[in-house]
Amino acid sequence: MSRYLRLTVILMLAFCFAMLTACDASWDRKVKQSQLTLATPSDVATFNYAMNNSPFSVFPFIYQGLVTENGKTNELEPALAESWKVSDDKLRITFKLRDKLKWSDGKPLTVDDVIFTYKDIYLNKKIPTLFKDFLRIGNQDVFPEIRKLDNRTIEFSLPEPFTPFLRKSASLAILPAHALRDSVLSNDANGNPQFLSTWGSDTAPEKIIVNGAYQIESYTPSERIILKRNPYYFRKDAQGQQMPYIKSIIWQIIPSTDNHLLRFRSGELDSLRVKPDTFALLKREEKRGNFSIYNGGLSQGIRFVTFNLNQASNSQGKPFVNPVKSRWFNNLAFRQAIAYAINRDRIKTNIYQGIGELQHSPIAVQSPYYLSPAQGLKTYSYNPQKAKQLLTKAGFQYDSQQQLLDKDGNQVKFNILVKSEDQTRVATAVQIQQDLKQIGIQANLQTLSFNTVLQKILTKRDWDCYVGAFESAIFEPNLIALFWTSNGSFHMFNKGSKSKKRPIIGWKVNDWEKQIDQLFQEGAKEADENKRKQIYAEFQQIVAEQLPVFFLVNPVSLQAVRNRVENVEYSAVGGLLWNVDEWRLKGEG
């Protein structure tokens with residue numbers, strides 16, 4: 001072959017390669033234009049809604065309950081049920097399902113699915129789901145009765161008025177009987193329902209049947225979930241167009257929030273939760289990066305420090321908490337001293353960049369049930385000297401190096417547990433560590449992945465101190481009962497056990513915990529709003545005085561979203577995704 005011919009062939013091949021590359025790039029841009037890319041800091045623990053304990057999950061995309069909450073107004077709106085009615089005596093709630101509902105596999109979604117979900121899953125004694133707490137009436141195992149009235153109507157009968165029921169039903173997804181019934185009725189080798197291990201993270205996506213706006217197309221562990229439109233989703237717009245509008249969502253699993261920032265700035269992500277330490281940087285880049293920062297108002301959640309008050313032992317008789325430490329943690333003066341020792345103003349200024357407010361209550365400030373300091377709520381201002389006085393008065397002492405010792409001469413030191421994925425929370429824990437050092441306490445950081453943290457807190461119970469967060473409540477305080485009542489699934493600071501196979505020995509419930517239990521029972525039965533406010537005001541005051549949890553800073557909720565995403569209705573109450581089925585991408589139909 002001549003040099004000229006060889007050169008001609010090389011040039012032609014180069015031209016073809018360039019054209020193919022250009023086509024690929026054009027195709028990539030086109031695909032990216034028709035899909036949304038979001039990020040989560042935690043991998044999937046399960047695809048089984050009833051067995052999930054993590055707040056980071058794919059379920060907001062793929063499931064619906066009977067009703068839903070408007071993320072802006074917090075009003076209840078129809079979801080799978082087109083209407084509902086509460087009887088005059090408040091003892092019966094009747095739901096009427098929409099006509100011709102379908103699951104993502106095209107099978108009919110009926111009243112039988114609702115009965116199966118509530119009776120055979122949520123209220124099944126053999127299934128340890130936290131959602132049982134949502135349906136428990138009073139402090140005993142008393143639950144609603146359910147019956148089918150006709151093919152589209154179902155009635156819940158209550159033994160006594162239970163005001164939170166309607167709003168709680170918004171959090172209870174309806175699950176497919178035809179796909180899950182066999183796993184509920186059959187047992188594994190240990191005698192447990194196979195349902196407990198059904199739809200784990202290793203399940204093929206096509207087997208996961210859903211009723212939400214999206215369904216799972218694929219899952220790559222520790223990397224991403226790809227969601228596609230559910231063609232049988234019940235919602236259509238006023239013009240009759242099938243919703244959701246966005247065809248595909250890529251949900252990237254990125255543990256580091258620093259990497260979230262890098263990928264958003266490089267254009268890989270369409271949205272980013274804006275932390276206070278990155279707000280100024282991103283605000284300067286809004287126009288160039290073609291995105292907008294939404295201000296959702298003060299967060300509805302709580303950021304807190306808590307100690308493990310559990311005085312019980314495991315089934316082998318080993319205490320969950322070292323008895324020496326347990327005596328410190330269960331000493332009210334000790335907890336009060338910690339509250340006075342933490343410089344929350346410095347946390348607000350240095351870590352939250354002033355973008356937030358000091359937090360005092362377990363109930364969100366937007367709530368009509370919120371009790372403010374001006375109304376008499378007890379608060380704690382930074383006062384390390386007062387902290388030391390409280391400790392010495394309670395029998396603690398200081399050695400020649402100003403290290404704190406208890407009355408038996410034990411040095412006061414413990415671990416602060418914090419999840420590794422949230423750098424803001426880690427920075428907060430570091431400052432708390434420094435503040436405690438000023439009063440002679442040695443606190444060591446224990447930084448672990450969030451799934452491991454949940455295991456330690458909710459299952460193993462082997463932790464000392466935790467810097468954490470939890471969703472609060474706006475219009476229905478009973479929604480946080482699972483955190484505050486002694487038998488609640490997330491009662492982390494003194495976690496009991498209902499499991500006969502994993503019993504705990506010597507579990508003690510404090511008198512003030514029993515008071516909180518009683519107040520939540522009264523609040524759930526009471527329909528008069530003024531009386532409910534008095535009940536939940538007393539609850540807030542008990543928390544402030546007993547300090548099972550000490551609150552830190554309530555940040556402003558900020559979210560950056562690309563301008564190509566339309567119809568975003570971001571709020572601290574509803575979060576980012578509450579109306580994801582209404583979102584559109586510019587240029588898409």
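Here the structure is a predicted model, which means the values were calculated and not measured. Atoms considered below: every heavy atom in the structure, side chains included; atoms not considered: hydrogens, waters and symmetry mates.
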Quick one, D113 with H178, criterion side chain to side chain donor-acceptor pair (under 3.5 Å). Give me CA distance, side-chain angles, the key distance, then yes/no.
CA-CA 8 Å; D113 291 296; H178 70 280; 4.7 Å; no
So F550 and F304, ring-ring contact (aromatic ring centres under 6.0 Å, His included) or not? Walk me through it.
CA-CA 5 Å; F550 177 64; F304 60 83; over 10 Å; no
Would T198 and N48 count as a side chain to side chain donor-acceptor pair (under 3.5 Å) if you check the C-alpha gap in whole Å, the side-chain angles of each, and the deciding distance to 0.1 Å?
CA-CA 7 Å; T198 297; N48 186 328; 5.6 Å; no
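Defined by atom type and a distance below 3.5 Å, a donor-acceptor pair is missing between the side-chain atoms of R167 and T163. For S449 and E421, the side-chain atoms include no donor-acceptor pair closer than 3.5 Å. Residues S292 and N563 have side chains that bring a donor and an acceptor to within less than 3.5 angstrom of each other. For the 3.5 Å distance criterion, the side chains of Y245 and D237 qualify, holding a donor opposite an acceptor. If you check the side chains of D133 and S489, you find a donor sitting under 3.5 Å from an acceptor. Counting only N and O atoms by type, the side chains of T68 and E77 include no donor and acceptor under 3.5 Å apart. Between Q375 and S372, the side chains place a donor N or O and an acceptor N or O closer than 3.5 Å (distance only, hydrogens not considered). With no hydrogens or angles considered, no side-chain donor-acceptor pair links N52 and T46 at under 3.5 Å. Checked by atom type, the side-chain pair N554/H360 shows no donor-acceptor distance below 3.5 Å.
A distance-only check finds no donor-acceptor pair linking the side chain of H260 to the backbone of A39 [under 3.5 Å]. Not a single donor-acceptor pair under 3.5 Å links the side chain of S557 to the backbone N or O of G296. Side-chain atoms of N350 do not come within 3.5 Å of backbone N or O of I347 as any donor-acceptor pair. With hydrogens and angles disregarded, a donor-acceptor distance shorter than 3.5 Å links the side chain of Q540 to the backbone of Y536. Looking at T129, its side chain does come within 3.5 Å of a backbone N or O of A50 through a donor-acceptor pair. Checking side-chain atoms of Q239 against main-chain N and O of K236 turns up no donor-acceptor pair under 3.5 Å. The backbone N or O of Q353 sits nowhere less than 3.5 Å from a side-chain atom of T349 that would complete a donor-acceptor pair. The closest donor-acceptor contact from the side chain of N211 to the backbone of I174 lies under 3.5 Å. Under the 3.5 Å distance criterion, the side-chain polar atoms of R344 are matched with a main-chain donor or acceptor of Q359. In this structure, R98 contributes its side chain and A79 its backbone to a donor-acceptor pair below 3.5 Å.
Residues E155 and S157 form a side-chain contact, since some pair of their non-hydrogen atoms from C-beta on lies under 4.5 Å apart. Side-chain atoms of L123 and I146, non-hydrogen and from C-beta on, do get closer than 4.5 Å to each other. Residues L38 and I250 form no side-chain contact, since every pair of their non-hydrogen atoms from C-beta on lies 4.5 Å or further apart. By the 4.5 Å heavy-atom criterion applied to side chains, P108 and K100 are not counted as neighbours.
Using a 30° and 60° split on the angle between ring planes, F493 and W484 fall in the tilted class, from 30° to 60°. Note on ring orientation: taking the six-membered ring where Trp is involved, the planes of W84 and F95 are tilted (angle from 30° to 60°).
A cation-pi contact links R562 to F264, judged by a cut-off of 6.0 Å to the six-membered ring centre and 45° from its axis.
Not counting sequence neighbours, R229 has no partner by the salt bridge (Lys or Arg N to Asp or Glu O under 4.0 Å) test. Residues satisfying the side-chain hydrogen bond (donor to acceptor under 3.5 Å, both in side chains) criterion with T40, sequence neighbours excluded, are absent altogether. For F131, the ring pair (Phe, Tyr, Trp, His ring centres under 6.0 Å) partners two or more places apart in sequence, or in a different chain, are Y49, Y122, F134. With sequence neighbours excluded, the residues forming a side chain to side chain contact (heavy atoms under 4.5 Å, CB included) with T220 are E223, R224, listed by chain and number. Applying the side-chain hydrogen bond (donor to acceptor under 3.5 Å, both in side chains) rule to N259 yields no partners; only residues at least two apart in sequence or on another chain are considered. Y294 pairs by the ring pair (Phe, Tyr, Trp, His ring centres under 6.0 Å) definition with nothing, not counting sequence neighbours. Under the rule for a ring pair (Phe, Tyr, Trp, His ring centres under 6.0 Å), Y233 has no partner lying at least two apart in sequence or in another chain. Under the ring pair (Phe, Tyr, Trp, His ring centres under 6.0 Å) criterion, F162 pairs with no residue, sequence neighbours left out. Residues that satisfy the side chain to side chain contact (heavy atoms under 4.5 Å, CB included) test with A544, not counting sequence neighbours, are L377, K378, Q541. With sequence neighbours left out, D581 forms a salt bridge (Lys or Arg N to Asp or Glu O under 4.0 Å) with R235.
R303 contributes atom CZ, which lies 9.5 Å from atom OG1 of T424 (distance to the nearest 0.5 angstrom). Rounded to the nearest 0.5 angstrom, W199 CH2 and I216 CD1 are separated by 9.0 Å.
The salt bridge (Lys or Arg N to Asp or Glu O under 4.0 Å) contacts involving residues 347-374 comprise K348-E357, where partners must be two or more places apart or lie in separate chains.
Closest approach of V543 to P548, counting heavy atoms only: O-CD, 3.7 Å. Residues A364 and Y370 approach most closely at O-CB, 3.4 Å, considering heavy atoms. Closest of all the heavy-atom pairs between W251 and S57 is CH2-O, 3.0 Å. In this structure, E538 and L519 approach most closely via the heavy-atom pair OE1-CD2, 3.6 Å. Summarising the geometry of L80 relative to L101, their closest heavy-atom pair is O-CD1, 3.5 Å, with the distance given to 0.1 Å. The two residues R425 and V467 have their closest heavy-atom pair at CD-O, 3.3 Å.
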Donor-acceptor pairs under 3.5 Å, side chain of residues 571-579 to any protein atom, not counting sequence neighbours: which ones?
| residue | atom | partner | partner atom | Å |
| --- | --- | --- | --- | --- |
| S571 | OG | G71 | O | 2.5 |
| S571 | OG | V573 | N | 3.4 |
| S571 | OG | G574 | N | 2.9 |
| W578 | NE1 | E569 | O | 2.6 |
| N579 | OD1 | W583 | NE1 | 3.1 |
| N579 | ND2 | N567 | O | 2.9 |
| N579 | ND2 | E582 | OE1 | 3.3 |

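Using a 4.0 Å cut-off between charged nitrogen and carboxylate oxygen, K275 and D422 do not count as a salt-bridge pair. With salt bridges taken as basic N to acidic carboxylate O contacts below 4.0 Å, one links R152 and E82.
Considering S54, S222, S201 as possible partners of D43, the one that fulfils the side chain to side chain donor-acceptor pair (under 3.5 Å) test is S222. Screening F520, F470, F490 for a ring-ring contact (aromatic ring centres under 6.0 Å, His included) with F483, the sole residue that qualifies is F470. When E529, E476, Q534 are each tested for a side chain to side chain donor-acceptor pair (under 3.5 Å) with Y369, only one passes: E529.
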